[in-house]
Every structure is written in C-alpha cells, then in structure tokens.
Amino acid sequence: MQASSDPLLDIRGLTKIFPGVKALDGVDFTLRAGEVHALLGENGAGKSTLIKVLTGVHGRDGGEIRLAGAPIEARDAADAQRLGIGTVYQEVNLLPNLTVAENLFMGREPTRFGFTDRRSLRRAAAALLKDYGLSVDPDSTLGDHSVAVQQIVAIARAVDLSGRVLILDEPTASLDAGEVVVLFDVVRGLARRGIGVVFVTHFLDQVFALADRVTVLRNGRLVGTRAIGDLDRLSLVAMMLGRELSAETLKRHRTGRVAAEPFARFEGYGRRAWVQPLDLAIRPGEVVGVAGLLGSGRTETAKLLFGIKEADSGRAVVDGRPVRIASPRVAAALGFGFCPEDRKTEGIVGDLSVRENIVLALQARRGWLKPLSGQESRAIADRFVKLLDIRTSDIEKPIRLLSGGNQQKALLARWLATEPRFLILDEPTRGIDVGAHAEIIRLIERLCDDGLALLVVSSEIEEIVAYADRVAVMRDRRLTGVIEGDGVTVDGIVRAIASEHREAAS
Amino acid sequence: MRRLGQINPRTLPLLATLGVFILAYALCALQFPAMLSTRVAANLLTDNAFLGIVAVGMTFVILSGGIDLSVGSVIAFAGVFLAVTIRAGLDPIVGFALVLVLSTAFGAVMGAMIHYLETPPFIVTLAGMFLARGVCFLMTTDSIPIDHPVYDTLSGLTWRIPSGGRLSLIAVVMLLVFVAGIVLAHRTRFGTAVYGLGGNRASAELMGVPIARTTILIYALSSGLAGLAGIVFSLYTSAGYSLAATGVELDTIAAVVIGGTLLTGGVGTVAGTFLGVMIQGLIQTYVIFDGTLSSWWTKIVIGALLFGFIIFQRGLVHLAVRRRQAARLAAA
C-alpha cells in the first residue's frame with residue numbers, strides 16, 4: 001500500500017484526566033493518508049479514551065490535534081464526522097429496525113416535493129453498496145443481516161459522510177474468519193482510495209495481516225509506534241505487556257508449602273462458544289496465574305470455574321467428589337470465592353456501606369432467614385478492615401467513596417469472610433495505584449501461605465511472575481499450556497503467548 | 001434466501017393483525033350475515049372515527065418509544081371548549097381552528113418537557129392528562145348540547161356508497177387522516193426519524209437525527225390529532241361534556257398494540273393501527289348485534305386480545321434475540 005509521508009492526522013501530547021486517573025498522558029499519534037494504523041493496548045491502556053477524545057465524545061486536558069495541518073476540536077461525534085472523521089464501533093451503531101438504504105442515508109434522504117424519493121434512495125444505496133462488493137437488497141431490514149454485513153454498511157455510511165479518517169473500534173470482535181477476510185478487503189480498498197484508517201483490535205494476527213504501522217499504548221502512555229515490517233510477534237507482545245512494577249514488589253516472599261492433594265480438579269471442563277475444554281488442578285497453598293492477551297479467554301475461564309457460566313462438557317471434582325457447579329451459589333457453597341474484573345458493575349454495591357458490602361456473601365450463604373445481627377456484622381467488618389488495612393474513616397461509609405485499592409480489599413474481605421478454600425481473583429490490581437498494587441500482591445501471598453488455593457487472572461505478566469507457582473497460558477479461548485517452576489519468568493510467559501500466535505498465524 | 005422463520009419482523013405483527021381481523025369478521029358474518037352489509041361497515045367507520053384519528057397520533061408516539069396518556073382529556077377539552085364558545089356565540093369554524101392550535105401547542109410543550117427535562121413521557125403526559133381534564137371542569141361541569149347550523153350541516157353530510165351504506169363526513173376525515181399518517185410515516189424524513197428514535201435513541205442521535213425537534217413534533221402531532229378527534233367527537237355527539245372520552249387513551253393504546261406496533265418502539269405501521277381500531281369496533285358491533293351480551297364483553301375480549309398480542313410480541317423479540325445469538329455462535 002502506498003502511504004504518503006505527510007501526516008493526515010497529527011496528535012501531539014494528548015492528555016486526558018478523569019477524576020483520580022490520567023487516562024492519557026502526553027500521547028503522540030500520527031496517521032498518514034492511505035495507511036492502516038493499528039492501535040493496540042490492554043484494557044485501560046487508553047485506546048478508547050484516545051478515540052473518544054478524537055471524535056469529540058470527551059474534551060481534552062492538553063495537547064493538540066491537527067487534521068491535514070489544521071488544528072481541530074470536535075465538539076461531538078457529528079462534528080467530528082463533518083470534519084472528516086468517521087467511527088465504526090464494535091457494537092454496530094446503526095438502527096436494526098430500519099432498512100439498509102434508510103440506514104445509509106438517514107438524515108439526508110433524497111426527496112422529491114418534500115417526500116422521500118424511495119426510488120432514488122434505493123438506487124443511491126445500491127450504488128454505494130456496490131463499491132463495497134455487497135449485494136444485499138437495500139430495502140431489506142438491517143437487523144436481518146449478519147454482523148459482518150451490518151459492519152460494512154456502517155463503514156459505508158461513515159466513509160460516505162466523512163471520507164478522510166475512518167476509525168474502526170474492534171470491528172472484528174464478533175465476526176467469523178471468512179467475514180474478517182471480507183472486511184479486510186473493504187478496509188484495504190478504502191486505504192487505496194487515500195483514507196487513513198485507525199484500526200483498534202486485540203487480535204495480533206489481524207494486525208500483521210492488515211496494518212502498515214502499529215502504535216502501542218500502555219497505562220495511558222505511548223509505548224511506541226513501529227512500522228509493521230520492523231516488528232515480530234515477540235517484540236509486539238513485549239511492547240504490550242511492558243514492565244511497570246518495582247523490583248521490591250516482584251521479589252518472592254513465599255514460605256508456605258503446596259499440598260500434594262488437589263482441592264479441586266477440572267477435567268475437560270469447557271463450554272461451547274465460551275472456553276474450550278481445559279484440564280486444571282487447584283491445590284491448597286498454591287497460586288495459579290492465568291496469563292494471555294485480551295480476549296484470550298482469561299476472564300471467561302474464571303467465570304466458568306465459578307459457575308457464572310455453566311460448563312457443558314467435562315467434569316469438576318472437589319474434595320474427591322464429582323460436583324456440578326451450576327451457579328455461583330453452588331460454587332460458594334463448595335467454598336469458592338470470586339472477585340470479578342469489573343469492580344464497579346459486578347463487584348461492589350456502591351451505595352451500601354463498607355460493612356454491608358463485606359458481609360454480603362456471608363449473609364447470602366447463610367440465607368436470608370438467618371440474618372447476621374448488627375453486632376455480628378460490625379465485628380466481622382471491623383476485623384477485616386484491620387486485617388486487610390482497609391482505609392476508611394467509618395465502616396458505615398458508602399463503599400463508592402473509597403479508593404479503588406480499598407474497594408478491592410473490601411471485595412476480598414467479602415469472600416474471606418465466608419472462609420473460602422478456593423479464591424478466584426480476576427484482575428485484582430486493575431485501576432489501583434502503585435502502592436495499593438504492591439499491598440494486594442502481598443495479600444495474595446499471605447492468603448496463599450495460610451493454605452488457601454488461588455487462581456489469579458492478570459494482564460500484568462510481572463505481577464503473575466511475582467506470586468504464581470504455576471501459570472496457565474490462554475490463547476483464543478483455549479488453555480494452551482501450563483508453565484511451572486523455573487519456567488515462570490516474564491520472558492517465558494511472553495514467549496509462550498507469542499509463540500502460540502506464530503503457530504496459529506501460519 | 002429468507003427462510004420462513006425469518007419473515008421480516010416488521011411485517012409479521014401486521015400480518016397477524018390482518019389475520020385476526022379477517023377471522024373475527026368471518027366469525028361475525030357467519031352468525032349475523034347482516035354484518036357483511038356496507039351499512040354496517042360504514043357505521044363501523046363512523047362510530048370509531050374519533051378513536052381512529054387519535055390512534056394515528058398515538059402510533060407515532062409509540063413508534064418513537066413513548067406514550068401519550070393525555071389524548072382522552074384533550075378530546076374532552078376540545079368538546080367542552082367548542083360547546084362553551086359556540087354557546088357564547090363563536091363561529092364553530094373559528095372554534096375548530098382554535099382547538100387545533102391550542103391542542104397542538106399543548107402537545108409541543110409536553111414534547112419539549114419530555115426532551116429538555118429528560119422526564120419519562122409517561123409522567124409528563126400523565127400530568128397533561130390531569131391538566132387538560134381539570135381545565136374542562138373549570139369551564140363547565142355540565143354536559144352542554146351544541147346547537148348550531150354549521151353542526152347540523154356537517155353531521156348531515158354523507159356520501160352514498162353501493163348497496164345502501166352512507167359514508168359520513170367524520171368517517172371520511174378519519175380515512176384521510178390515516179392516508180396522511182401512512183404517507184408521513186413512510187415517505188418523509190420525519191417518519192424515518194420517528195422509527196429511528198424508537199429503534200435506538202443513542203444510535204439515532206449519532207446518525208444525526210434531530211432528537212429535540214422530532215420529539216416535540218411527535219407529541220404536537222399526537223395532541224393535535226387528539227384535538228381533531230375532539231372536534232369529530234363533538235360532531236358525533238353534538239355535545240361537550242367534561243367526563244367525555246374518559247379512558248380513551250387506553251383504548252387507543254390497545255388499538256395501536258393490537259395493530260402490531262411494538263410497545264418498545266421502532267416497529268409497527270399506521271395501517272396496522274387502522275386494523276386495530278376496526279377490530280375493537282367489530283367486537284363492539286358484535287355485542288350490539290347479539291343484544292344479550294353486556295357491553296363489558298367488549299373490554300373482556302379486548303383485554304384477552306391484548307394479552308395475546310403482548311405474548312406474541314415477546315415471542316417475536318425472543319426469536320430475534322435467539323437468532324442473533326445463533327449468528328454469534330456460528331461466528332465464534
């Protein structure tokens with residue numbers, strides 16, 4: 001693809017601050033006309049914030065955006081569109097209840113004598129779709145078509161409206177392999193026409209198949225921009241999963257011993273279209289880390305083991321007895337605990353007090369007919385606030401007023417109060433500051449020393465290396481291998497993740 | 001390529017309504033062959049003219065994902081306003097114009113409140129319902145007969161149709177409103193915007209639909225048509241009464257839903273609403289023909305039909321979700 005060297009879009013020192021978080025910290029980004037530029041990074045790296053600032057959904061706190069040399073500041077998505085920047089999101093933002101033609105020309109339908117001219121509308125839509133090699137009836141309802149077709153219709157609309165920069169935000173997340181090929185042809189065709197394409201994805205194979213250049217963000221900062229020819233998979237994965245933690249945090253402080261007999265065994269355990277069957281044994285006093293890129297099935301595995309999604313194949317054995325983990329209730333009764341990835345929507349109950357949040361799981365297990373007395377629940381909450389050093393002025397304070405790290409500790413306390421034997425932590429250190437980060441890691445180690453079995457999902461490889469005895473590596477919703485002993489190093493894990501990619505790419 | 005299970009969800013409810021209507025008419029005609037006469041058909045139109053007119057406006061409201069509870073009160077307001085002003089010597093034609101202006105403005109204000117104050121339509125139009133009804137009582141608490149030459153002329157105006165039926169003026173007005181509603185829904189930008197708004201508000205906004213203007217226009221249209229329905233109702237009854245048209249908003253919503261419009265918005269047709277109104281009228285006519293049945297049977301059958309249609313619609317939504325999931329499963 002011939003890309004001109006003059007930047008079409010030039011972003012310098014872009015900064016965006018949300019309360020308590022620097023979502024973007026002096027990020028530079030350039031896009032040339034006619035290139036496909038992949039934007040990569042883990043959850044929370046700042047990809048979506050960058051796009052939202054660019055398209056005017058958020059204002060910015062610093063930096064400059066230039067489009068073809070002229071500084072721009074989009075007020076909203078429609079304004080960005082007028083300036084020439086169109087966006088297509090993963091969840092197609094069209095109207096499935098209208099026809100394909102109506103979606104393409106919404107708000108600018110051809111009219112005759114003030115009435116919509118159905119015939120010209122149909123003809124214009126058919127002409128537009130032909131450019132994209134799409135032969136669908138313009139009068140068919142959009143919602144009847146596959147996501148891929150809807151995606152292409154969304155692209156056709158965005159390009160027809162804006163025509164200079166096209167942002168694709170995870171467009172392939174719900175497409176099958178054949179549909180991805182079709183979509184890529186469309187994107188390549190657009191690049192040939194001189195449109196600059198920003199392509200957000202977490203599938204490395206697709207980056208190498210489509211992109212001309214790659215920019216990696218991490219924790220709101222720019223890691224680097226490279227031409228695709230200068231990169232191999234290993235260096236790209238290393239860029240994405242960079243190193244952040246101090247040496248002190250990373251030093252292992254383990255003293256406990258791993259029991260020989262597993263507490264729980266999962267054999268051929270999986271669920272269709274969720275996670276492929278996997279084998280995993282969980283032992284008391286051991287931390288199993290789960291590593292992989294975004295979308296590899298890390299969180300899905302955690303939810304499967306806790307019964308949030310019921311397995312449809314394989315079996316689970318707990319304490320030597322086969323069990324059916326049909327729901328989180330069953331899992332909790334077996335002595336499982338689960339701290340979800342998304343604290344705000346799946347974990348804490350923001351308006352309830354710290355105390356109420358801590359006793360929630362215990363109360364649920366006792367059943368609502370046997371309420372904890374106020375005194376009991378206060379005693380439990382007090383004990384854990386001290387034990388885990390949860391910093392709050394008052395245990396009756398609504399939990400949403402606490403910092404992220406302290407919320408996370410309160411969530412841990414919720415499950416610890418039920419005296420679990422197996423605790424699943426999904427991204428326990430996401431979105432909390434560096435000090436609290438180290439504390440959580442210490443806490444994980446201490447719990448493990450006390451004989452608890454833990455499964456910790458994390459996108460921070462160093463962190464996994466710091467506490468995990470064994471590391472399960474995920475790729476494409478499949479457990480591809482378990483690393484043990486001396487193999488548990490940053491390099492070893494990165495290699496395991498990247499090598500799998502190489503295999504699958506061929 | 002479309003399989004039977006994938007009939008356009010936009011037309012499926014309409015087909016179901018048409019089926020129910022034909023079935024119901026056939027059953028009625030089987031028992032009372034007289035119901036096939038054009039006289040009965042013409043009366044069906046005349047008797048339900050005001051309901052039909054207001055149902056066209058309600059269709060737009062529900063298509064956009066909203067609701068308008070004030071229409072019954074607006075009908076009563078129009079009737080009382082006309083009765084009081086005509087008694088005071090105002091020319092009915094001027095009265096008609098005033099009613100249309102006032103009711104349309106009333107709807108526009110409600111639409112503006114719904115949009116700018118981000119208040120649910122249910123609450124705003126509930127307030128509008130009490131307000132309009134209250135104003136009726138402020139003007140008069142009595143039923144006031146309207147006696148004016150213009151009224152005599154207008155209600156006497158009929159067109160003869162083959163085999164004995166007489167099409168009244170108000171029936172013609174209703175049919176014209178339906179035709180205009182169909183054109184407005186399917187042949188204008190406003191119509192597409194209404195469907196878009198009901199399909200997904202956020203997407204519609206991203207796609208450049210003028211949300212504020214469309215919302216205001218929708219409720220202005222609904223109230224304006226309620227005002228027109230009020231005029232028609234006053235021609236039909238030749239009186240104005242504060243307690244008239246109580247609960248008509250609910251009959252209207254029932255007609256729209258039976259007509260195949262999804263209460264969640266975005267899917268439905270104005271033509272379907274016509275069938276919905278006619279089904280209601282048909283049941284009423286049947287009850288009258290039978291003579292032994294209590295008039296409450298109309299409500300009972302309408303209630304049962306509504307339940308049936310709601311279950312049917314949930315089934316459709318369920319089907320759509322399942323189809324999407326199947327598509328995703330195939331993609332994974």
Side-chain angles (χ1 to χ4, degrees), chain A residues 55 57 76-78 80-82 87 89 91-99 101-118 121 136-137 139-150 154 157-158 161 172-180 272-274 476-477, chain B residues 1-3 5-12 63-65 180 182-211 213-214 261-262 264-269 316-317 319-321 323-332:
Chain A
T55 54
V57 177
D76 53 41
Q81 210 155 60
R82 270 190 294 279
T87 313
Y89 297 94
E91 295 298 328
V92 184
N93 267 305
L94 294 180
L95 295 160
N97 60 323
L98 296 185
T99 69
E102 283 168 338
N103 269 289
L104 282 170
F105 290 97
M106 182 80 168
R108 52 195 184 112
E109 298 92 341
T111 55
R112 231 170 53 169
F113 314 123
F115 295 110
T116 308
D117 184 352
R118 291 248 148 207
L121 176 66
V136 299
D137 177 8
D139 280 338
S140 54
T141 306
L142 183 77
D144 286 348
H145 294 291
S146 70
V147 181
V149 170
Q150 295 189 36
R157 179 182 162 89
L161 273 169
T172 57
S174 32
L175 305 187
D176 67 31
E179 291 172 331
V180 168
R272 254 188 80 207
W274 187 252
D476 277 347
R477 311 208 155 197
Chain B
M1 237 177 75
R2 194 173 283 160
R3 273 172 288 134
Q6 289 181 329
I7 287 177
N8 193 334
R10 233 210 290 219
T11 55
L12 201 52
L63 275 178
S64 77
I182 288 168
V183 171
L184 192 62
H186 301 291
R187 288 286 184 276
T188 64
R189 280 188 187 174
F190 171 74
T192 317
V194 171
Y195 278 95
L197 208 58
N200 185 331
R201 204 192 126 102
S203 291
E205 196 166 8
L206 276 178
M207 292 172 73
V209 171
I211 305 281
R213 200 181 70 198
T214 309
T261 298
L262 295 190
T264 46
V267 179
T269 53
L316 275 187
V317 171
L319 211 74
V321 170
R323 204 193 305 163
R324 229 171 295 145
Q325 271 174 351
R328 198 165 299 156
L329 213 75

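Order of the sequence lines sets the chain letters (A, B, ...), proteins ahead of strands, with each chain counted from 1. Predicted, not measured: the structure shown is a model, and the values here were computed from it.
- Taking every heavy atom of both residues into account, A/M106 and B/V209 meet most closely at CE-CG2, 3.0 Å.
- Considering only heavy-atom pairs separated by less than 4.5 Å from chain B, the leading option among A/D117, A/N103, A/D76 is A/N103.
- Here the straight-line distance linking atom CD of B/E205 with atom CG of A/N93 works out to 11.5 Å at 0.5 Å rounding.
- From A/L104, atom CG reaches atom CE of B/M207 across 8.0 Å, with rounding to the nearest 0.5 Å.
- Atom CG of B/N200 sits about 8.5 Å away from atom CG of A/N97, to the nearest 0.5 Å.
- The part of A/R157 that comes within reach of chain B is its side chain, from C-beta onward, which places non-hydrogen atoms under 4.5 angstrom from that chain.
- At most 12 non-hydrogen atoms from other residues, nucleotides or ligands lie less than 6.0 angstrom from CZ of B/R213.
- B/S203 approaches A/L95 most closely through the heavy-atom pair CB-CD2, 4.0 Å.
- The nearest pair of heavy atoms linking A/Q81 to B/L206 is OE1-O, 4.3 Å.
- Residues B/V183 and A/F115 have side chains in contact (heavy-atom distance under 4.5 Å, counting atoms from C-beta outward).
- Closest heavy-atom contact between B/R189 and A/E109: NH2-O, 2.6 Å.
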